[in-house]
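Working notes, beginning with the structure itself.
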Amino acid sequence: MSYNPNEIEAKWQKIWESEKAFEPSDSLEQKKKYILSMFPYPSGRIHMGHVRNYAIGDAIARYYRKQNYNVLHPIGWDAFGMPAENAAIKHKLHPKKWTYENIEYMRKELSALGLSFSHTREFATCDPLYTKWEQEFIIKMYESGLLFRESTTVNWCESCHTVLANEQVEEGCCWRCDNPVQLKEMPGYYLDIIKYADELLTDLKILEGKWPQQVLTMQENWIGKSEGLEFEFELSEESKAKLHGRFEKYTVFTTRPDTIYGVTYSALAPEHPITKYIVEHGLVESKIAQKITHIANMAERERAQSEKEGHALGITVIHPLTGEEIPVWTANFVLASYGGGAVMAVPAHDERDYEFASKYNLPIKRVVGAEGELPFTGEGKLVDSAVFSGLNNQQAKAKIIAMFEEAGFGKGKVNYKLRNWGVSRQRYWGAPIPFVHCQQCGLVSEKIENLPVALPDDVEITGEGNPLDSHPTWKYCSCPKCGQEAIRETDTLDTFVQSSWYQFRYATNPKKWNEIGIDKEDAAYWMGVDQYIGGIEHAILHLLYARFFTKVLRDLGYHDINEPFTRLLTQGMVLKDGAKMSKSKGNTVDPDKLIEKYGADTARLFILFAAPPQKELEWNDNAVEGAFKFIRRLFERADRVVRNELPNIDHEALGKESKLARQKVYEALQKSKDVYEKTFAFNTLIAACMEALNALDKQDDGAVWSEGMYVMLNLLEPIIPHAAWELSEVLFGRANLSDVLKVKDEVFVHDSILYVVMIGGKKRAEIEVSPDASSEEILALAKEAGSKWLESMSIIKEVVVPGKLVNLAVKPAG
RNA sequence: GCCUCGGUGGUGAAAUUGGUAGACACGCCAGACUCAAAAUCUGGUGAGCUUGCUCGUGUCGGUUCGAGUCCGACCCGAGGUACCA
């Protein structure tokens, strides 16, 4: 047969579409697999990263379908977000139109790849029906206290005109546009992810061995749990008076309570209320006040990189154990958002405190270890620490915390680096936050029956300010509670909110989509996602938020799932000339053109053959050609097939080459289970099939050819589906595709076994040994074969590895 | 700095988890076909030399009959994180 990819790919795609071949069954009884590749942002065109992502997911989905699983393999669109608004500004296109046109185009591109998606479950996250349920979740979260509105210092990107979540700041810059992030005081909506920090951390253990270690470690570090002591510094009487009695004390957190006798000063963040009060009330020189204000207004990045700087605030606090008066400073390295924005400073045992104390000539008092260089942050015995002197510092930690708790001065405390998730964005193209501001009632959530609060279509997008805010009528409404005039919230939700629950939406039968957001029974059947596939760049952002949302929606009663993604595969990037493919570098390969030239099967085969999915993939045009030739060879060899079913073969009667060919075929089959279910090393399975085809070519038994093609097409169907369906249809009426194949053990039975003879650890000879030979017989043969190397040697040890090799350890005789 | 993952021919990569290093493919070389080229097919292809031996999986050491694989120290690369008290 000749191979015409364009013709057969169009033919089968049409058949799959009209037969709705890949829709899962509604029955919730059958064994199931939920295979999900991360949904795309509809940016306009697909790129090779998408092709790789969906080729991997599709191969796994098709494999399980062949194993008679009920398979859910959906696709959708992560459709809200900034590029749509930027396009609107640039090309005067409405974000909605831009987005849906892109979806239309990309859907066509993806369908050319022959992906086995369940299209009845497809949706875009900007569909009002999706927004409706999301807004309901947000309101329930508000009612349960998990969502709150407050005014704090936020990360602000001036170029995107919006607030960023902590996770969206990369090295002090905006994750989208790379502009330096400013700190700004603003009201916003927050999700209390810290409340779930401990569960998010401990449940990482469930994922061990199923998620890449790298991702688990990144999440662990991001959550950043640390245990220590929280206590209060009381201001001296004089200082209280100086602050007009407005402040009595403040809280500090330390992971080193064992060093508390070494405290020589305390430092507050420039944003700390006491610092602010002092600056605003002229309690320090105006020059110093200016400097402090300057620090507070610096961009986060700049501040982190600048030298340690601080100013004495002219107040003191009382050491809770010694009663000493300790000076209070403000310092640029104290973070407002962590541990109360204040620290006790122990310069002898903390590098930062030491650097600061050295610069400003503050006293340094050693309390751990007898001698050696300072600062010393290691383990040791306490000195000059009253009753705790002489204790090992680890023991002292526990005792000092216990003592504080007993005396009521403080308590053991767990802190997290993780910050609460700021979900409001000052942008148009997102899901509106369903709240109104009422003069009478304050912040009020919209009534559930009024959802969705939909975006107005008639907006002018200029890039200046939030179009919802400047819309003439949209924000004016009546209060859902008292009916008075009120103002609608004009902030929209972070787009990561949509991608935090889409996996549950797919799992919900679309027949119920109008009535319900997430169906509990459907979720119990389909969730968690058995295999999730996506880029490592989502290791923290999306994967942490989605895990969090899953737990929150569980606690709100929507379902009973603890973790959304049972197994995770992070695919490597697609490179060309050693660099990531990008338009700006001009090293892209256009998937459409590739498919036009070689067909989708070649594209899929190359991508899965060139490297294991977890690794980076270097593009190679010649190797693409090679992939095409392999498929063409399969078509050419179809003529060798003489039976239209799996033949029964008398193995013993075959010639040597035919026996070897059968062995290669079944080696490939044996390998396939591991590849499709565990390692995803498709490259090795494809190589095994190539070996099998090479071996088949060296013999001409028609039955062996028939069996070989029957099995190989079954194994390759998930990778090159169009070619496999076409050949299987013609040769076997597709019976081989629905068959769950079994390995035939007789092909691995041999008349003789090859043993490698090693002498002194070096390979010296090979011997053919009968399968039932004893160790003694094998050794005798080995010694004979290796006699040349045994002359004037004496054997000190004889090792026989059954079925493999003989190793004779030797030393010179005499 | 800290954490994680890597380092194997000219290239992409294999190696049943401690058992013949380099499967499979790309490239290259030679041959066949051709007036010629392309395409196709066949064979070869880790390095070195004295042509059957030596060396060879980032470097150095260790364990073992046997190490790409395990242990220790180091070098290099990629990613993450960065004043979290």
Side-chain angles (χ1 to χ4, degrees), chain A residues 170-172 212-222 224-226 228-229 252-257 259 266-267 301 303-306 308 331-335 337-346 349-353 355-356 377 415-419 536-537 539-540 570 572-573 575 606 609-612 614-627 629-630 632 636 667 670-671 674 681 683-694 754-766 788 795-810:
Chain A
E170 293 173 350
E171 296 184 346
Q213 185 53 46
Q214 203 188 155
V215 176
L216 296 176
T217 310
M218 280 163 72
Q219 292 216 349
E220 192 184 327
N221 292 341
W222 190 263
K225 181 178 181 170
S226 59
L229 170 71
V252 295
F253 173 73
T254 179
T255 54
R256 293 296 305 273
T259 64
S266 170
R301 177 80 186 273
R303 189 155 136 193
Q305 283 176 344
S306 53
K308 299 241 175 327
N332 65 346
F333 67 89
V334 179
L335 301 175
S337 52
Y338 187 80
V343 296
M344 68 175 207
V346 185
H349 304 291
D350 183 282
E351 280 169 27
R352 297 152 302 183
D353 296 348
E355 202 185 320
F356 191 81
T377 55
N415 256 329
Y416 299 94
K417 281 194 209 177
L418 186 69
R419 313 226 192 130
I536 185 92
E537 66 272 21
I540 296 171
T570 48
M573 284 192 303
L575 309 178
F606 166 73
F609 180 57
Q614 299 86 344
K615 276 193 79 168
E616 289 179 338
L617 182 146
E618 176 70 34
W619 196 263
N620 179 336
D621 288 328
N622 286 318
V624 173
E625 184 88 30
K629 284 179 194 168
F630 174 69
R632 194 176 61 190
E636 285 164 358
E667 273 173 9
Q670 212 165 30
K671 190 171 200 85
D674 233 31
N683 53 330
T684 63
L685 177 64
I686 295 163
C689 288
M690 287 172 168
E691 276 190 74
L693 188 60
N694 291 345
L754 183 77
Y755 273 74
V756 168
V757 179
M758 300 179 86
I759 292 163
K762 289 195 170 92
K763 181 188 167 186
R764 294 302 186 191
E766 288 177 352
K788 187 174 155 190
I795 297 172
I796 24 180
K797 188 159 186 179
E798 298 170 339
V799 181
V800 178
V801 182
K804 295 244 157 134
L805 55 77
V806 176
N807 193 4
L808 303 172
V810 293

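The sequence lines fix the lettering, A, B, ..., with proteins before strands; numbering per chain opens at 1.
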>> List the residues meeting salt bridge (charged side-chain N to carboxylate O under 4.0 Å, His left out) with A/K615, not counting sequence neighbours, and say none if there are none.
In response: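 Salt bridge (charged side-chain N to carboxylate O under 4.0 Å, His left out) check on A/K615 returns nothing, list empty.
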Verify the contact: side-chain N or O of [X] to OP1 or OP2 of [N], cut-off strictly under 4.0 Å; return yes or no.
| X | N | result |
| --- | --- | --- |
| A/S226 | B/A85 | yes |
| A/N622 | B/G27 | yes |
| A/K804 | B/U20 | no |

>> For A/E351, is the CD atom crowded, meaning more than 12 foreign heavy atoms sit under 6.0 Å from it?
In response: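 No, CD of A/E351 has 12 or fewer neighbouring heavy atoms, counting only those of other groups under 6.0 Å.
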Length of the [atom1]-[atom2] vector between [X] and [N], whole Å:
| X | N | atom1 | atom2 | answer |
| --- | --- | --- | --- | --- |
| A/E618 | B/A13 | CD | C1' | 13 Å |
| A/D621 | B/U11 | CG | C1' | 14 Å |
| A/M690 | B/A13 | CE | P | 15 Å |
| A/E351 | B/A82 | CD | C1' | 13 Å |
| A/L617 | B/A25 | CG | P | 18 Å |
| A/Q213 | B/C3 | CD | P | 14 Å |
| A/F333 | B/G1 | CZ | P | 22 Å |
| A/N683 | B/G12 | CG | C1' | 10 Å |

Taking the side chain from [X] and the backbone from [Y], do they hold a donor-acceptor pair closer than 3.5 Å?
| X | Y | value |
| --- | --- | --- |
| A/T377 | A/H349 | no |
| A/Q219 | A/A539 | yes |
| A/N415 | A/S226 | no |
| A/Y755 | A/G803 | yes |

Not counting sequence neighbours, which residues clear side-chain hydrogen bond (donor to acceptor under 3.5 Å, both in side chains) with [X]? List them please.
| X | answer |
| --- | --- |
| A/K763 | A/E766 |
| A/N332 | none |
| A/E625 | A/Y598 |
| A/Q214 | none |

Would you tabulate the pairs of protein nitrogen or oxygen atoms and nucleotide nitrogen or oxygen atoms of nucleotides 76-81 of chain B closer than 3.5 angstrom?
none

Under-3.5 Å N/O pairs linking protein and nucleotides 40-46 of chain B:
unit_1: B/U40; atom_1: OP1; unit_2: A/K629; atom_2: NZ; d: 3.1

>> Testing the basics here: between A/F606 and A/A623, what is the closest heavy-atom pair and its distance to 0.1 Å?
In response: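 Where A/F606 meets A/A623 most closely, the heavy atoms are CE1-CB, 3.6 Å.
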> Taking all non-hydrogen atoms of both residues, which atom of A/N807 and which atom of A/I759 are closest, and how far apart?
Replying inline: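 Looks like OD1-N, 4.1 Å.
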What nucleotide, of [options], holds the atom closest to the side chain of [X]?
| X | options | result |
| --- | --- | --- |
| A/K308 | B/U20, B/A85, B/C83 | B/C83 |
| A/A304 | B/C83, B/A85, B/A14 | B/C83 |
| A/A611 | B/A13, B/A85, B/C24 | B/A13 |

Report, one pair per line, the protein and nucleotides 60-69 of chain B atoms (nitrogen or oxygen only) whose separation is under 3.5 Å.
unit_1: B/C65; atom_1: OP1; unit_2: A/K797; atom_2: NZ; d: 3.4
unit_1: B/C65; atom_1: O2'; unit_2: A/N807; atom_2: ND2; d: 3.4
unit_1: B/C65; atom_1: O2; unit_2: A/N807; atom_2: ND2; d: 2.7
unit_1: B/G66; atom_1: O4'; unit_2: A/N807; atom_2: ND2; d: 3.4

> Under the side-chain contact (heavy atoms from CB on, under 4.5 Å) test, which residues partner A/K797, sequence neighbours left out?
Replying inline: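 Partners of A/K797 by the side-chain contact (heavy atoms from CB on, under 4.5 Å) criterion, ordered by chain and then number, come out as A/V799, A/A809.
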> Looking at residues at least two apart in the chain, or sitting in another chain, which of them share a side-chain contact (heavy atoms from CB on, under 4.5 Å) with A/E667?
Replying inline: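 A/E667: side-chain contact (heavy atoms from CB on, under 4.5 Å) contacts with A/Q663, A/K664, A/F748.
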Report which part of the nucleic acid [X] touches: base, sugar-phosphate, or nothing (heavy-atom distance under 4.0 Å, all strands).
| X | value |
| --- | --- |
| A/A610 | sugar-phosphate |
| A/N694 | sugar-phosphate |
| A/K615 | sugar-phosphate |
| A/V215 | nothing |
| A/S306 | base |
| A/P612 | sugar-phosphate |
| A/F609 | base |
| A/L754 | base |

> According to a 3.5 Å limit on both distances, what stems of 3 or more consecutive Watson-Crick or G-U pairs are formed with RNA chain B?
Replying inline: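 RNA chain B stems, ordered by first number: B:1-7 with B:75-81, B:10-12 with B:24-26, B:27-32 with B:40-45, B:46-49 with B:52-55, B:58-62 with B:70-74.
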Using a cutoff of under 3.5 Å, can you pull out all pairs of nitrogen or oxygen atoms linking the protein to nucleotides 53-57 of chain B, with atom names and distances?
unit_1: B/C53; atom_1: OP1; unit_2: A/K788; atom_2: NZ; d: 3.0
unit_1: B/U54; atom_1: OP1; unit_2: A/R764; atom_2: NH2; d: 3.4
unit_1: B/U54; atom_1: OP2; unit_2: A/R764; atom_2: NH1; d: 3.2

